[in-house]
Amino acid sequence: MRLDRWLVTLGIGSRKDVQRLVRSGAVAVNGQMEKDPGKLTDEKTARLNVSGSEVDGRLMRHVMLHKPAGLLTAARDKKQPTIMDLLPEVYQSIGCMPVGRLDKDTTGLLLLTCDGELNHRLLSPQRHVDKVYIARVDGPLDASHVDAFARGLDLGDFTADGALLEILTSSPGEATAKVTVHEGKFHQIKRMFEAVGRTVTQLHRERFGPLVLDEALPVGQWRELTEDEIAALYRDACMEEAK
Ligand code: URA
């Protein structure tokens, strides 16, 4: 990739800005000052230094975020804060995008990736990637609800496939349950509970395919995926890992 394009993609500046920067001698590649903005560089392996500081030049990154309530799952919104506000700007510049959505009031595991094909495949209904949620609802749950979830539920515009409902606690006023689904339709979990006469009062995702929300990750914090997690995701997506 041309050096100027690499720098622009990393969000270091506009094309004009970075060309000026390179020509001024502020950029070093593999320890050598590089004054040609058009210099072809291997962005996967080259070490980059800008104005005396090492810059992480990786364009392929995958992130696990512990989403807090109150943020939209969107790359950008004119009025409301989004989950991208929790990450350094470079993740936006390099095109790291959420894989699917969690509602504004839903918390828990959100995956972001720069790999558009991986993103697409993990969301594809044919892949049957399991998602596990913990839901709190406004009334008791019993075996009839477990059966209804297992049979599949008519949600009006579509019929949700059979899902696993595991009751964790149940009392006359509220219940908590673990729900495993492989689809990811808009408001799916909330609508499934509505279909059996319960309202979700709290929703948290603890698993997405092979990824389990890292218990060491406080709400609102993020980290990049480990090599093992990345390999597991590509395996689930039946893809070669993009570097
Ligand atoms: N189902 C929902 O209803 N909301 C979410 O955020 C995720 C799944």
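Indexing begins at 1, ligand by ligand and atom by atom, following the structure's order. Bear in mind the structure is a predicted one, so any value in this text is a computation, not a measurement.
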Protein residues that have a heavy atom under 4.0 Å from any atom of ligand 1, sorted by chain and number: Leu102, Asp103, Thr106, Tyr133, His187, Gln188, Ile189, Lys190, Leu203

Non-neighbouring partners of Asp142 that pass salt bridge (Lys or Arg N to Asp or Glu O under 4.0 Å), sequence neighbours left out: none

Pair Lys104, Gln80: side-chain N/O donor-acceptor within cut-off below 3.5 Å: yes

Pairs touching residues 68-97 that satisfy salt bridge (Lys or Arg N to Asp or Glu O under 4.0 Å), sequence neighbours left out: none

Geometric class of the Phe149/Phe193 ring pair [parallel <30°, tilted 30-60°, perpendicular >60°]: tilted

N/O donor-acceptor pair under 3.5 Å between Asp138 side chain and Thr199 backbone: yes

Residues forming a salt bridge (Lys or Arg N to Asp or Glu O under 4.0 Å) with Asp115, sequence neighbours excluded: none

